[in-house]
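The block underneath contains the structure these notes are about, expressed in structure tokens.
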Amino acid sequence: MEHGLLPHRLRAEHGSLLASSFPAASLAAGRKRHHFPSSSSVKIQNQFHSMSSLVLGASSIIRCEATEASVYRETVETINLDWDNLGFGLVPTDHMYISKCSQDGIFTKGELLRYGPIELSPSSGVLNYGQGLFEGLKAYKKEDGSILLFRPHENALRMRMGAERMCMPSPAVEQFVDAVKLTVLANKRWVVPPTGKGSLYIRPLLFGSGTVLGLAPAPEYTFLIFVSPVGNYFKEGLAPINLVVENEFHRAAPGGTGGVKTIGNYASVLKAQKRAKENGYSDVLYLDSVHKKYLEEVSSCNIFVVKNKIISTPEIKGTILPGITRKSIIDVARGQGYQVEERLVSVEELLDADEVFCTGTAVVVSPVGSITYLGRKVEYKNNGIGVVSQQVYSSLTSLQMGLTEDKMGWTMKLN
């Protein structure tokens, strides 16, 4: 699919751009100055401003509508980053997208604003009662300079499912996808070059921004998208990671929110993850909270186990996030002739596996070199880099980056 959404000129209603040595901005009504993203690690070449003034009024925004009479020239300067060694950390970019929704459940037409801090009441629903969701997807640049999104409709549908569970309205699928396209194109100079070592990570947020005191759904919600160029999620890159099975803490319980991408699910894994990293492990693998013997997922990714060329992964039953990369890997593997089973997978099967790997938007596919459970460490053959994980990784990333024909219809091309 091919899509062109962003106009060649964006409209700035109130003046010019502000260059700063530090990434900060305020959307507060009383603020008179906006500071636009820059960093000591980012060098912008051939910087251009359409006006000599570097001060921008507090209400200054960049509208989504096209216009020929513009005082703002679209930012096309090159970015001088060490693309090969980005890591998975925030690099402030140019613009973010914001739309709001009141109790009528209808989201406003979104706006592009300069990336920076937002104003939020201390009594907002997200701060007091954790009413919030997020999504994650990526954009890739092809050799011809075009940009590809990977399955954004799936993220839109998952956000709607999560919003229903968290008692929030959510943007329509079309608005979600259009907002993603608009945000990516507004930040297209930050899309990692086609080296195969990175991508533009896209983070949509949905949260209760309205004020509440008693326990209740917020009266207002904000849909926000920001982006950042990223490299590998794990510092090991495509090298095998080392996991420890957690037997004290649990990520989710039946009837809870483990199956949706709510913000609280991630805060609750930080303690176990911190302890694991202090002991030299890459991350934590969680077991079910009832029997304490069946695999669920790693802190932020799904798990796959391979035995005798049969691929098994825990079934989606309300406590495991339905990962979009997980879903894609299952389809890719079956298309390559592998038998894939979605079922209960015991920790004993994990320890007896031929190969283990994780999947997720951030990690894509990450082979597991070792598993430690109750003090017993099991190391996998070939240092964990198995034939299956290599094959599905190569197939999926080649499709995501536009190196092979997309027979699945999963990628969306932006002009």
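Owing to the predicted nature of the structure, the values given are computational and were not obtained by experimental measurement.
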For side-chain hydrogen bond (donor to acceptor under 3.5 Å, both in side chains), just list the numbers for Thr257 and Asn265, CA-CA rounded to whole Å, side-chain angles, deciding distance to a tenth of an Å, and then say yes or no. CA-CA 7 Å; Thr257 59; Asn265 289 347; 3.1 Å; yes
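With 3.5 Å as the limit, one finds no donor-acceptor pair spanning the side chains of Glu349 and Ser312. Side-chain polar atoms of Thr319 and Lys317 form a donor-acceptor pair below 3.5 angstrom.
Taking the six-membered ring where tryptophan is involved, the planes of Tyr115 and Phe226 are tilted, since the angle between them lies from 30° to 60°.
The shortest side-chain heavy-atom distance between Leu157 and Phe176 does not fall under the 4.5 Å cut-off. Residues Gln391 and Gln336 form a side-chain contact, since some pair of their non-hydrogen atoms from C-beta on lies under 4.5 Å apart.
Ring centroid separation for the pair Phe134 and Tyr266 comes in under the 6.0 Å cut-off.
Heavy-atom minimum distance, Ser146 versus Asp144: OG-OD1, 2.6 Å.
Residues Glu154 and Lys261 are not paired through a salt bridge, judged by the lack of any N-O separation under 4.0 Å between the basic side chain and the carboxylate. Under the 4.0 Å criterion applied to side-chain N and carboxylate O atoms, Glu296 and Arg251 are not assigned as salt-bridge partners.
With sequence neighbours left out, the ring-ring contact (aromatic ring centres under 6.0 Å, His included) criterion links Tyr140 to no other residue.
To the nearest 0.5 Å, atom CG of residue Leu285 and atom CG of residue Leu350 are 6.0 Å apart.
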